[in-house]
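To keep things clear, I will list the structure first and then write my remarks on it.
Small disclaimer: the values here were computed from a predicted structure and weren't measured.
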Amino acid sequence: MTLFLLLARSGAAWGSSNLSVAVDPRFELLGAVQRLAGLGESSEGIYPEPSLVRKRFAAFRSHPAVKAYAAAASRRPSEEAFGIIFFFLTEPPVLAWKVPRARLPQGFIESLGGIGAVESFLVEMRDFARASKFMEFYREHSRGYARYESLARQELDGTDYLALMQSYLRQDLDCRMTVILPLLYSRSRFTSFIWPYPYQGPGRKGKGPFSVFTIHGLPNIRDGRPYFGLGDFFQDGDGYKPLYIPVEWGFVDSEEKIKGLSALYGPAARDCPPSWEACAKHLVISALSLRISKRLLGRDIPLPQSPAQAYVKALASRLVEFEIQKARYPNFQSFFPRLVDEMKALAASP
């Protein structure tokens with residue numbers, strides 16, 4: 001995969017960061033099949049235009065790969081899992097597994113019908129990639145892709161957000177973060193993933209190095225040029241995905257205590273994931289993002305009035321203690337129990 005590394009604000013040379021942004025041939029291949037299946041968001045004006053793609057690959061509209069994708073798309077959430085599974089493959093047309101099959105995210109594999117069904121689909125995708133000469137098409141447009149990547153880097157203004165997160169947490173997350181820029185592929189509900197996952201079940205923390213990736217949305221056209229909105233990346237939930245690593249570790253250490261505070265879930269449920277455990281993590285992530293944006297970027301993230309956001313504000317206020325008392329709390333992991341204390345106080349309040 002071609003990666004263009006983001007420049008840290010320190011002025012270090014390109015290639016010093018663990019945060020990268022790139023157009024990815026695996027997802028462009030998946031997007032071409034998606035378009036031939038008559039699916040995907042409207043994105044005319046984005047280079048290469050989907051209409052040109054459909055014309056270029058018109059002879060393959062009835063290819064088994066296209067039919068298989070269309071069938072999966074009718075069985076949500078099956079279609080959504082492709083965006084995760086393709087991250088674990090090498091570039092077209094080989095599309096070989098980069099990790100042992102036993103270590104793949106089994107939930108996504110099962111949503112596609114199991115490993116047998118996934119392997120059958122990949123056989124068809126490999127055939128489509130070879131027969132259609134997809135990589136020739138991809139290389140023909142390499143200059144255009146490079147331009148998109150360059151524009152995306154400009155939007156980030158040289159900021160290494162991963163480095164900023166680690167600076168705030170005062171700990172190394174041992175991860176690489178990749179932002180995938182799709183031009184043909186329309187992402188679905190599952191847009192980001194961490195592998196291996198830092199929570200491996202009760203009492204078990206996942207160990208790095210971690211791969212964190214986000215499939216960004218399709219660009220818009222602003223002032224005649226593509227615009228991904230990466231300048232607001234730090235106010236996007238996906239931009240904060242690496243924060244799940246320390247939060248999941250903290251959850252392992254305090255799991256039973258947090259489960260005992262499930263009374264907080266009722267008032268927050270409307271603005272939270274569909275379980276108290278997931279909601280509790282979401283609240284902590286939101287509080288961290290609030291403080292990091294304020295502390296390191298000077299940005300205020302506006303919060304609507306709701307019980308969930310009241311919890312977030314309370315947790316964010318408690319994080320000020322972490323920022324000030326560096327000797328007492330050398331890193332975020334040492335401070336996590338104080339956030340659990342704040343949840344207890346919220347549960348006890350009338």
Side-chain angles (χ1 to χ4, degrees), residues 1-24 87 148-182 187 190-195 197-198 208-220 226-250 281-303 312 315-316 319 322-323 331-333 335:
M1 178 171 59
T2 304
L3 299 179
F4 287 77
L5 301 179
L6 298 174
L7 179 64
R9 279 198 185 276
S10 64
W14 292 96
S16 63
S17 172
N18 284 323
L19 176 59
S20 60
V21 56
V23 178
D24 190 306
F87 180 74
Y148 276 83
E149 291 165 330
S150 176
L151 291 171
R153 293 198 304 273
Q154 291 174 34
E155 290 179 22
L156 284 168
D157 192 28
T159 304
D160 187 337
Y161 288 110
L162 180 57
L164 288 178
M165 281 184 260
Q166 294 181 130
S167 173
Y168 181 86
L169 297 167
R170 301 198 284 275
Q171 66 187 88
D172 183 357
L173 298 181
D174 192 16
C175 71
R176 292 186 60 83
M177 185 175 185
T178 302
V179 180
I180 296 169
L181 305 177
R187 66 180 188 173
F190 297 120
T191 61
S192 59
F193 195 69
I194 302 175
W195 187 89
Y197 203 69
F210 297 99
S211 294
V212 182
F213 78 95
T214 293
I215 307 169
H216 202 66
L218 291 167
N220 297 313
Y227 177 74
F228 288 92
L230 289 179
D232 297 324
F233 188 58
F234 229 57
Q235 295 194 37
D236 187 317
D238 286 340
Y240 284 107
K241 192 70 174 180
L243 294 178
Y244 273 92
I245 296 170
V247 170
E248 292 286 6
W249 285 341
K281 297 169 188 176
H282 171 75
L283 295 173
V284 175
I285 294 291
S286 298
L288 280 168
S289 64
L290 202 67
R291 288 307 304 165
I292 292 173
S293 284
K294 179 68 173 179
R295 178 90 172 179
L296 299 182
L297 297 172
R299 299 178 187 170
D300 286 310
I301 299 178
L303 296 177
V312 170
L315 291 168
L319 281 167
F322 166 67
E323 296 165 10
N331 56 42
F332 177 74
Q333 298 309 129
F335 185 77

How many angstroms lie between [atom1] in [X] and [atom2] in [Y], if you round to the nearest 0.5 Å?
X	Y	atom1	atom2	result
Asp172	Leu162	CG	CG	8.5 Å
Glu323	Arg170	CD	CZ	8.0 Å
Leu288	Leu283	CG	CG	11.5 Å
Leu169	Leu164	CG	CG	11.0 Å
Gln154	Tyr227	CD	OH	12.5 Å
Ile215	Arg187	CD1	CZ	8.5 Å

key: Stepwise side-chain contact (heavy atoms from CB on, under 4.5 Å) check, Ile180 with Phe213   = CA-CA 7 Å; Ile180 296 169; Phe213 78 95; 4.0 Å; yes
Quick one: are [X] and [Y] in side-chain contact, heavy atoms under 4.5 Å?
X	Y	answer
Leu319	Phe332	yes
Leu181	Leu230	yes
Tyr161	Ile292	no

Considering non-hydrogen atoms only, spot the tightest contact between [X] and [Y] and give its length.
X	Y	value
Glu155	Phe228	OE2-N, 2.8 Å
Met177	Gly239	CE-O, 3.7 Å
Pro219	Pro226	CB-CB, 4.4 Å
His216	Val179	CB-CG1, 4.1 Å

key: Option from Leu315, Leu243, Val312 for which side-chain contact (heavy atoms from CB on, under 4.5 Å) with Ser286 holds   = Val312
key: Passing candidate, side-chain contact (heavy atoms from CB on, under 4.5 Å) with Cys175, options Ile194, Ile245, Leu19   = Ile245
ring-ring contact (aromatic ring centres under 6.0 Å, His included) between Tyr168 and Phe322, intermediate numbers included = CA-CA 10 Å; Tyr168 181 86; Phe322 166 67; 5.7 Å; yes
message = If we ignore hydrogens and angles and just use 3.5 Å, is the side chain of Ser293 paired with the main-chain N or O of Ser289 as donor and acceptor?
response = yes
ask   = Within the side chain of Asn331, is there an N or O that forms a donor-acceptor pair under 3.5 Å with the backbone of Gln333?
value =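 Yes; at least one donor-acceptor contact below 3.5 Å.
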ask   = Run the side-chain contact (heavy atoms from CB on, under 4.5 Å) check on Tyr244 and Tyr197 step by step: do they pass?
value = CA-CA 9 Å; Tyr244 273 92; Tyr197 203 69; 3.8 Å; yes
